Amino acid sequence: MLAAFFSLILRDMRLGYAQGGAAGLVIAFYAITISLFPFGVGPDAEILARIAGGVLWIAALLAALLSLDRMFQADFEDGSLDSLTLGPLPLSLVALAKALAHWLSMLLPLVILSPLFGLMLHLDGASMRVVLIALLVGTPALSLIGAAAAALAVAVRRGGALIALLVLPLYIPTLIFGVGAVEAVSGLGSVSANMSFLGSLSLIFAVLGPLAAGGALRLALE
Amino acid sequence: MHWFANPARFIRLADKILPLTLPLTVGLLAVGLYLALVASPADYQQGDTVRIMYIHVPSAYMALFCYMIVAAAGFSTLVWRHPLADVAGKAAAPIGLAFTGLALVTGSLWGKPMWGAWWVWDARLTSVLVLFFLYLGYMAIWGAFEDRSKAARAAAILALVGVINIPIIKFSVDWWTTLHQPASLFRADGPSIDPSMRPPLYVMLAAFQFYFFTVFLWRIKGELAAIRLNALRYAGEAPRSASPKEEQP
Amino acid sequence: MMFHPTKHPTSSPKARTTLNAQALACRRGQRFLFAGLDFSLEHGRILILRGPNGSGKTSLLRLLAGLSRPEAGQLFWCGMAVPPSGAGLSEQVHYVGHSSGMKAAFSVTDNLRFWARYLGGAEDRLEASLEALDLEALAHLPVGALSAGQQRRVSLARLLVAPRPLWLLDEPTVALDSDNQHRLTGLIQTHVQNGGMAVIATHTPLGVDGANLDLRDFQPEAQHMAHDPLLAFED
């Protein structure tokens, strides 16, 4: 069972970087979204530094959204999803494995690259460390919530646009605590409190997301 | 529980309840509006704008109440496979969306004289806005399926994910606003409410509640009729071609 | 040209499995595709599903694979009732449907290796599976670059990477040339000779001995609608 779980994670991560995989696209999207902000609000270093935490988070959130739509859709279309149900994993664990693979292949690279973009937005060193840790702790929730929405969208069959509607309201708490952690560096509140809430969100959705996704995938197969 | 699953029984029950709730709704609404708009005193600070509260607060309450109904229906759909629960969730959602919209509009109208802006990122208003999006998602799922029982289960999954999220969203938005604007002006519906304002508020709350039950029952009846119509259309394929003469007198 | 059965990996010959179905019914929307369907399948036997398009062959196979649930009726595996919820028979079966279940960007070997690991097979069966379907020369090509018939062979090779007693095959001959149809026949025969079972929906004669099950015999009358509790307008 564990072997199946890890082989599925590995396959999905490799798919992200194989030909036609979305991982490169997602990184490019993240970079472009962030570089649009200076054009939108002006190159003033002070303003950019003030909004940098929010910009990095919103760009990560949109990049996650961009890559969710293929999470189950591709497996559904090519028949893999049928065979995935014949393995030892219940559908909720299939969803968990795929959500983890999504995080590892799509979002973790963004987290790692975020200090680079923080630098371009004139973020200071202390804030940058907090941004990095906050993204690391909070972005798994994006993949896990996203799994539920992506599975529902597969069940609906024409769900591409639906995912954004389903998932973005549920992303709001993650965004609030993620940005809250960064703002706490400059004195608005407590970094550790925001971090604890971010971690709790990731843990809550590690249970809730795959459960909901498993139920939705069952509907998609019927 | 499954006693209600028989639509004939349910409709008979609904037909007994509706003649009670309909006049109650109209009567309470008339009394409530009179108390709220005419009989109650204007606020010493806010003047007549405080009267928006008598619409706004019950709407915001109903917005949440309807979501609880939707979530409870979703729960019975998934756990007990209760067929009428599917229909109940579908019937309650648009009413909830309307109340949510009303709460947002009245909140905005109230905000203009109070804050000098049509929209302020106040904790309560922001939470209601998120609730509005949750309703839209729920209804979009219903709209996207052809098969009723599948749509019901998918929508139920979303409703339950949503209902677990509502306290999280509420908490996070409160957290966020206290951080950014510690002194909230939006206190009129808090514990500091003047005793003279309570009766009209409670009457309006009751009126909205009965309005919900009336429209809810109507909408379930309508859904059941639509389901039946659809089934007859399916079943009618054969008879329609087999006995065309009966239709030509 | 016939494939040599000696090295062919399949289920253990000791397996004495049976599959019985009692009064199965399957609903699509408001209509029953079939109802009151009974059959029994012994180890070493083949059941061939017949019936026109839309008679429910694919639905029956998916139902046996546990991908959907029957509207009514009961399945028995080795005499034991299969619980309607839960995994059901899923770890006893292979299902080869219309789509290949292979990733276009991965090579044939990589695809099959994943399924071997995921479905609990052994990777040392990989070579034999490739050989059995004459895929050795294509093993390093991405599946997306293969023709429809070659892709079909790759999805059939999945049957061999992990041994499972019951094969559920939905139109397995589609896109196969006659040589490869013979190859498939050989695979199925070896599988059942070793104690396996197969349920096959097909329009082309496969040249295997099997009981026929015509789904037209279980079609409810045209007016027979699914019982929808919300349509019970009389008590």
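Remember, it's a predicted structure, so these values are computed and weren't measured experimentally. We name chains A, B, ... by the order of the sequence lines, and we start the count at 1 in each one.
- When each of A/Pro90, A/Ser80, A/Gly79 is scored by its heavy-atom pairs under 4.5 Å with chain C, the top score falls to A/Ser80.
- Closest of all the heavy-atom pairs between A/Arg14 and C/Asp110 is NH2-OD2, 2.9 Å.
- Contacts of C/Arg113 with chain A are absent, with no heavy-atom separation under 4.5 Å from either backbone or side chain.
- Going from atom CG of C/Leu67 over to atom OG1 of A/Thr85 covers 4.0 Å, rounded to the nearest 0.5 Å.
- Ranking A/Leu89, A/Asp82, A/Leu221 against chain C, the residue ahead of the rest is A/Asp82, based on heavy-atom pairs under 4.5 Å.
- Closest heavy-atom contact between A/Gly87 and C/Glu91: O-CG, 3.7 Å.
- The part of C/His94 that comes within reach of chain A is its backbone (N, CA, C, O), which places non-hydrogen atoms under 4.5 angstrom from that chain.
- The main-chain N or O of A/Leu84 is found under 3.5 Å from a side-chain atom of C/Tyr118 such that the two form a donor-acceptor pair.
- Between chain C and the options A/Leu8, A/Leu10, A/Leu15, heavy-atom pairs under 4.5 Å are most frequent for A/Leu15.
- Enclosure of atom CD in C/Glu127 is not indicated, since only 12 or fewer non-hydrogen atoms of other residues, nucleotides or ligands lie within 6.0 angstrom.
- Classification of A/Asp75 and C/Lys103 as a salt-bridged pair holds, one side-chain N sitting under 4.0 Å from a carboxylate O.
- Between the C/Arg69 side chain and the A/Glu222 main chain, no donor and acceptor come within less than 3.5 Å of each other.
- Neither the backbone nor the side chain of A/Leu91 comes within contact range of chain C, judged by heavy atoms closer than 4.5 Å.
- Closest of all the heavy-atom pairs between C/Tyr95 and A/Ser83 is O-OG, 4.3 Å.
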